[in-house]
Amino acid sequence: MFTSMGIDAAEQTWQSGCEAHLLERLSDGRIVGAVVDSPDVGGLACSGLAEVALRIPAPARAPGPRAYLSSFSTDPRWRRRGMARAVLALLLDELGKRGVNRVELHATADGVDLYRAFGFGPRPGGIEMSLDL
């Protein structure tokens, strides 16, 4: 997944923080995950996460929980078999049950058509920016 985004994940110090984050938020329901086991051997064929959070209401933002999709990845051996579609559909269904009114994500070139097929489009509200402190 990181390689497809052009991110070097060789430095592994982030992994322990990621594990702690996931354990806490999966257990309290702030993260919902879905996986598809590899059909032939152990491991995963496809996975995805949705992290739920409250955001302050604004004119273009209804009150209520929002979600951010991340960590979507499909093993190249299992692409184009509907697994990512099934994971995305399951997560969106669960988010709807939780009252989430907006779902956001960053798409890779490999995933953009899938997200568009579900109705995702450009994010409104200006140019997306970030700052590492």
Side-chain angles (χ1 to χ4, degrees):
M1 175 190 68
F2 290 118
T3 302
S4 69
M5 295 186 305
I7 297 172
D8 180 8
E11 170 59 47
Q12 297 184 2
T13 57
W14 62 272
Q15 290 180 353
S16 61
C18 181
E19 184 178 329
H21 181 86
L22 288 170
L23 286 172
E24 178 183 338
R25 286 168 177 79
L26 282 166
S27 65
D28 69 16
R30 289 183 284 170
I31 289 182
V32 180
V35 301
V36 177
D37 291 331
S38 180
D40 63 352
V41 295
L44 297 178
C46 181
S47 63
L49 298 174
E51 190 158 6
V52 179
L54 292 175
R55 298 282 305 272
I56 188 169
R61 192 175 13 203
R66 309 180 121 217
Y68 184 80
L69 298 181
S70 67
S71 301
F72 264 76
S73 184
T74 303
D75 184 313
R77 296 174 301 148
W78 304 111
R79 290 185 180 161
R80 303 270 180 231
R81 298 179 189 224
M83 294 177 186
R85 180 175 299 280
V87 167
L88 181 56
L90 185 143
L91 290 174
L92 292 176
D93 184 60
E94 179 61 28
L95 294 171
K97 291 175 184 174
R98 292 174 181 225
V100 169
N101 58 36
R102 184 173 186 88
V103 180
E104 297 178 335
L105 57 82
H106 285 87
T108 63
D110 289 336
V112 72
D113 289 339
L114 170 66
Y115 301 123
R116 284 186 178 139
F118 275 82
F120 284 86
R123 292 165 70 172
I127 299 169
E128 184 172 317
M129 301 173 78
S130 67
L131 170 66
D132 293 330
L133 297 176

Distance in Å, [X] [atom1] paired with [Y] [atom2], rounded so as to fall on 0.5 Å steps:
X: Ser38; Y: Trp78; atom1: OG; atom2: CH2; answer: 5.0 Å
X: Lys97; Y: Leu92; atom1: NZ; atom2: CG; answer: 12.0 Å
X: Glu104; Y: Arg123; atom1: CD; atom2: CZ; answer: 4.0 Å

> Please walk me through it: do His21 and Arg30 pass side chain to side chain contact (heavy atoms under 4.5 Å, CB included)?
Replying inline: CA-CA 10 Å; His21 181 86; Arg30 289 183 284 170; over 6 Å; no
Shortest non-hydrogen contact from [X] to [Y]?
X: Leu91; Y: Gly33; value: CD2-C, 4.0 Å
X: Leu105; Y: Tyr68; value: CA-CE1, 3.6 Å
X: Tyr115; Y: Ala107; value: CD1-CB, 3.7 Å
X: Val35; Y: Ser47; value: CG1-CB, 3.9 Å
X: Gly29; Y: Arg98; value: O-NH1, 2.6 Å
X: Gly48; Y: Val87; value: N-CG1, 3.8 Å

> Is Phe120 close to Leu69 at the side-chain level, that is, under 4.5 Å between some pair of heavy atoms?
Replying inline: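 When only atoms from C-beta onward are counted, Phe120 and Leu69 do touch, with a gap below 4.5 Å.
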>> I'd like to check Leu49 versus Leu22 (side-chain heavy atoms, cut-off strictly below 4.5 Å). Are they in contact?
In response: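 Touching, per the 4.5 Å side-chain cut-off.
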>> Is there a continuous path of hydrophobic side-chain contacts, each under 4.5 Å between heavy atoms, that joins Leu44 to Leu88?
In response: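 Result: no, two separate clusters.
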> Out of curiosity, does Phe72 fall in the hydrophobic cluster containing Phe118 (side-chain heavy atoms, cut-off under 4.5 Å, transitive links)?
Replying inline: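 Yes, it is one cluster - the side chains of Phe118 and Phe72 are joined through contacts under 4.5 Å.
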>> Checking the side chain of Arg79 only, and the main-chain atoms of Thr74 only, is there a donor and an acceptor separated by less than 3.5 Å?
In response: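 At least one qualifying donor-acceptor pair exists.
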>> Within a 6.0 Å radius of atom CZ on Arg80, are there more than 12 heavy atoms belonging to other residues, nucleotides or ligands?
In response: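 No, the 6.0 Å shell around CZ holds no more than 12 heavy atoms from other groups.
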> More than 12 heavy atoms of other residues, nucleotides or ligands under 6.0 Å from CZ of Arg116: is that the case?
Replying inline: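 12 or below, so no.
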>> What verdict does the side chain to side chain contact (heavy atoms under 4.5 Å, CB included) test give for Asn101 and Arg66, after you've listed the backbone C-alpha separation in whole Å, the side-chain angles of each residue and the deciding distance to 0.1 Å?
In response: CA-CA 6 Å; Asn101 58 36; Arg66 309 180 121 217; 4.2 Å; yes
